[in-house]
Amino acid sequence: MGSTETFSWRSVDDFSRVGLLAVALLLALSAAAALSAPSTDALKPVGIAWVAFFAMAVAIPLGVKARDQHAKALVWGYGLASGAMIVSAALFLLPQAFGLAQGAASPATAMKYAGAGVAAGLLTGFGSHTLGHRFAHVDIGFDHTAVELSAHALAAGVIIGIVYGTMPELGVGLGLAIVSHKGPAGYAAARRLASNGQSPTVILLPATGVGLTAIPASFLDLSGEPVVTAAVFGFAAGVFLHVAMDFLPRCEIGGEVYEVAQVSDDAHHLLDRLRVHAVGSTFLGGSLVFVAWLLVG
């Protein structure tokens, strides 16, 4: 169990030095990319990185204010994000991966590589997430929540960077969909840290994580070989689908929603009501992306 002492803003010393250093590094990378970028397309990863940063950073004070309340808000935040991500993967990443295979000398073989990439991405996402929980049992001298979120953000940044480095003409919608869960994730993490008396500003580190890897990775161009490109996009789709499914709001006893709700005698009935919101939010999140795709397509 965490400490019963809750966090309160007192002075600038309450800000995480590691978080502030990460923000400074993101600023430096963004400036370097802006100076060296040959076109506005090359700056798309920079824009996506800053959207991811602000989405998570703005959620920090909201999580501090909420602490152990607003379970329904957490369900809707996760549901909207996960629904949007699942439909985005189905509409953008998966067709892109298999479409790129058509340009290969042997399209059938390239499509199999794309499929293998999807499987590898799903398994890698599951493996890294599951093994990442081992850090919760090891004293690494740093907040475990921030470590796990940072690892995830850095991995997502690599994917975004490679995708836009390979095909810079892609719209920013795909990248924004990939980072759409940053707000809910930041909210939940900040709430947990504040409730345990820890500074939630350490979340600034994972907030910058996407940009810290996406900007350098965007200079990689893997577009020369269709088989490689298809496999990369398939891998990105697989990781993305894992993240989307991981953010599905699961209203089970012992889970994060249960922890936020702080339910007791009426646990079963409250979680049943929250399950309705979970289903509604995921369908709404996915529907919004689908309607937007119809309008712009």
Side-chain angles (χ1 to χ4, degrees), residues 1-26 49-82 85 129 132-133 135-136 140-157 178-212 243 246-251 255-263 274 277-278 281 285:
M1 295 294 291
S3 170
T4 56
E5 178 187 0
T6 57
F7 175 82
S8 61
W9 304 100
R10 294 178 294 273
S11 68
V12 70
D13 292 334
D14 291 326
F15 283 83
S16 165
R17 291 180 175 83
V18 174
L20 294 177
L21 180 61
V23 175
L25 182 56
L26 179 59
W50 281 103
V51 170
F53 169 77
F54 283 113
M56 186 169 276
V58 169
I60 292 175
L62 298 178
V64 172
K65 183 178 179 180
R67 287 191 172 90
D68 58 352
Q69 301 174 2
H70 306 307
K72 188 185 298 184
L74 184 63
V75 167
W76 273 89
Y78 277 168
L80 288 170
S82 60
M85 292 169 70
H129 179 83
H133 281 298
F135 285 114
I140 56 177
F142 199 68
D143 180 74
H144 302 111
T145 300
V147 169
E148 189 170 331
L149 286 175
S150 298
H152 167 71
L154 292 168
I178 293 177
V179 301
S180 62
H181 64 284
K182 294 299 179 183
Y187 172 89
R191 182 209 59 78
R192 185 185 303 113
L193 290 167
S195 297
N196 292 335
Q198 299 173 281
S199 174
T201 59
V202 71
I203 300 302
L204 290 174
L205 175 59
T208 61
V210 169
L212 296 183
V243 174
D246 188 54
F247 270 86
L248 286 168
R250 296 174 177 85
C251 305
E256 187 173 0
V257 173
Y258 175 88
E259 177 189 341
V260 175
Q262 292 293 300
V263 294
L274 289 175
H277 290 281
S281 61

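We use all heavy atoms of the structure for the numbers below, so side chains are in, but hydrogens, waters and symmetry mates are not.
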Here the pair of heavy atoms bringing S281 nearest to P249 is OG-CG, 4.3 Å

Of the non-hydrogen atoms in A59 and G186, which two are nearest, and what is the gap between them? CB-C, 3.9 Å

With rounding to the nearest 0.5 Å, note down the distance linking CG in L274 to CH2 in W76. 11.5 Å

So, applying side-chain contact (heavy atoms from CB on, under 4.5 Å) with L26, which one of V210, T208, L21 is it? T208

Between V75 and H277 the two heavy atoms that sit nearest each other are CG1-C, 3.9 Å

Going by the angle between their ring planes, with limits at 30° and 60°, are W50 and F53 parallel, tilted or perpendicular? perpendicular

Measure the CG-CG distance between L205 and L212 for me, rounded to the nearest 0.5 Å. 7.5 Å

Do L204 and I60 have side-chain heavy atoms sitting under 4.5 Å apart? yes

How close do S82 and L248 get, counting heavy atoms only, and between which atoms? OG-CD2, 3.5 Å

